[in-house]
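Everything on this sheet refers to the single structure shown next.
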There are 2 protein chains.
Amino acid sequence: MTERTPSRRTTATAPPAFPKPGHNHARCAAEALGKAEAVCAARGTRLTEIRRQVLETVWQSHVPVGAYEILAQLNAGGGDRPPSQNSRALTARGGPPSQNSRALTARGGRHAPMAVYRALEFLMDNGLIHRLASLNAYIGCAHLGEDPHAAQFLICRRCGTTAELKSAALNRALDQAVTERGFTIDSQLVEIGGICPNCRPNHRRPKS
Amino acid sequence: MTERTPSRRTTATAPPAFPKPGHNHARCAAEALGKAEAVCAARGTRLTEIRRQVLETVWQSHVPVGAYEILAQLNAGGGDRPPSQNSRALTARGGPPSQNSRALTARGGRHAPMAVYRALEFLMDNGLIHRLASLNAYIGCAHLGEDPHAAQFLICRRCGTTAELKSAALNRALDQAVTERGFTIDSQLVEIGGICPNCRPNHRRPKS
DNA sequence: TTGTAAATGTTATAACATAACATTATACCA
DNA sequence: TGGTATAATGTTATGTTATAACATTTACAA
Ligand SMILES: [Zn+2]
Ligand SMILES: [Zn+2]
Ligand SMILES: [Zn+2]
Ligand SMILES: [Zn+2]
């Protein structure tokens, strides 16, 4: 790999900045929902009410969200949820002891876990969300409308914010290292944990 | 077992071959156990009986194994190893292993899940095994004795055989792609699914 | 010996996910 | 429009993976 010289030319892809704390996230979500509609229309699949609700919940932030947390939000009244704190990626699952999930399945909420998992499956099948195996959680796809793609993720262990990376160089390196061993890739899972630029203000930036 | 003579001597970097079906795996396991002893001795940690049993179970093949499968094998007398030097009466409740895991915790097996998870935690902390997040399963570390390292895994979806890769080039590419975004890596998770050379005999080899 | 830290035992439950079948909604055609 | 096939959702139950909390035993050495 050559040295990265910060050339002024805007040749390559635009700088995919890590999601910043103050950004207009309502716009992220609105755009994502809009594109999701388009994707489903193009594919002839139906973005039903519950699927849309789950997708909205996933897009409430750039922090991955677990299936049962989605369920809780749906059952707590769906749309006008309070800006609840991230419960993942922090050391503890702070907060009051969650309700008994078995009780929820019986009666008490409007939806059972199956409803959420089915919606998540649909959204993944249609390339609208990704699952993060290291967290057992889900996040909206940052490259909607593109073909199903292998993605990499950067997960901040402090704030939980997760960015989707689509590095061609990384994919090349991966492909080469693997092919050398006679292996044929079907799927890849790349999840990088660490500290994001927002959580380490005095980080060394590639000065531009 | 078609004896494929290793015709040419490898010239360049020794290709860390994917584990072959007919290889002398008893040797893999024996070596791993031996090195594990050394590692623990060097670190001043104790490779106790149950930890050794779990490590042996993990090393029974190159296919990752789940915690509850390890538990079942332990409780089935899996490693029929004489309990040497352990005066602790093994609370000998004989009896057939139940299917129900909850029953196991109560009574019926010799160990509860906690015992296995604790052993797994110890083995991971000491760099003796890795956890595969995409499978919720565990595999012996292929680079024992080296410092705690970031590893990548190639997982055959047909035979389950999993190889540990330690590609410097891949790590470089990863590091660059991540650093460009101002991210600092703590941990990495790279799990590649696909077909291994043993399961695709007519693959194109880098014939030299 | 005896105190202490490490290890293990024990019980309970949390957290994540799927199987199986019933019911309702939707689309599409006659 | 009505019928019917399919998709979607509801419902109940259970499977699978992992951890919390506290009791007891063991190893080790002062
Ligand atoms: Zn945003
Ligand atoms: Zn952060
Ligand atoms: Zn082997
Ligand atoms: Zn294979």
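To find a chain, count down the sequence lines: A is the first, B the second, and so on, and within it residues start at 1. None of these values were measured; they are calculated from a predicted model.
- Note on residues 26-47 of chain A: no pairs pass ring-ring contact (aromatic ring centres under 6.0 Å, His included), not counting sequence neighbours.
- Nearer the 5' end of DNA chain D, as judged by each residue's closest nucleotide, is the contact made by A:E49, out of B:A137 and A:E49.
- Here the C1' atom of nucleotide D:dG10 and the CD atom of A:Q53 are 15 Å apart, to the nearest Å.
- When the P atom of D:dA8 is taken as reference, atom CG of A:L120 falls 15 Å away, rounded to whole Å.
- A straight line from CG of B:L74 to P of C:dG9 spans 10 Å, rounded to a whole angstrom.
- Residue B:E121 contributes atom CD, which lies 11 Å from atom P of C:dA7 at whole-angstrom precision.
- Nearest to the side chain of A:A115, among D:dG10, C:dT10, C:dA17, sits D:dG10.
- A:Q188 and A:Q152 are linked by a side-chain donor-acceptor pair at a separation below 3.5 angstrom, with hydrogens and angles left out of the test.
- Distances shown here put a side-chain N or O of B:T48 below 4.0 Å from the OP1 or OP2 atom of C:dT8.
- Distance, B:L47 CG to C:dA7 P: 11 Å, rounded to whole Å.
- C:dG9 atom C1' lies 10 Å from atom NE2 of B:H111, rounded to whole Å.
- Distances shorter than 4.0 Å separate some side-chain N or O of A:Y117 from OP1 or OP2 on C:dA17.
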Point to revise | Base-contact (B) and sugar-phosphate-only (S) positions in nucleotides 19-25 of chain C, heavy-atom cut-off under 4.0 Å, - elsewhere | key: BBB----

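- Remark: B:E37 engages B:R52 in a salt bridge (charged side-chain N to carboxylate O under 4.0 Å, His left out) (not counting sequence neighbours).
- Residues passing the salt bridge (charged side-chain N to carboxylate O under 4.0 Å, His left out) test with A:D175: none are found, sequence neighbours excluded.
- Between B:Y138 and D:dT17, a side-chain N or O to OP1/OP2 separation shorter than 4.0 Å is absent.
- Taking side-chain N and O atoms only, A:N136 has no distance below 4.0 Å to OP1 or OP2 of D:dT17.
- Every pair passing salt bridge (charged side-chain N to carboxylate O under 4.0 Å, His left out) that includes a residue from residues 150-171 of chain B is listed here, sequence neighbours excluded: A:D186-B:R157, B:E146-B:K166.
- Here D:dA7 presents its P atom at 14 Å from CG of A:N126, a figure rounded to the nearest Å.
- Judged by ring centres under 5.5 Å apart and planes tilted less than 30 degrees, B:Y68 fails to stack against the six-membered base ring of D:dT16.
- A 4.5 Å side-chain heavy-atom check between A:H62 and A:F18 finds every atom pair outside the cut-off.
- Partners of A:E121 under the side chain to side chain contact (heavy atoms under 4.5 Å, CB included) rule, at least two apart in sequence or in another chain, are A:D125.
- The distance between atom CG of A:L123 and atom P of D:dA8, rounded to the nearest whole Å, is 12 Å.
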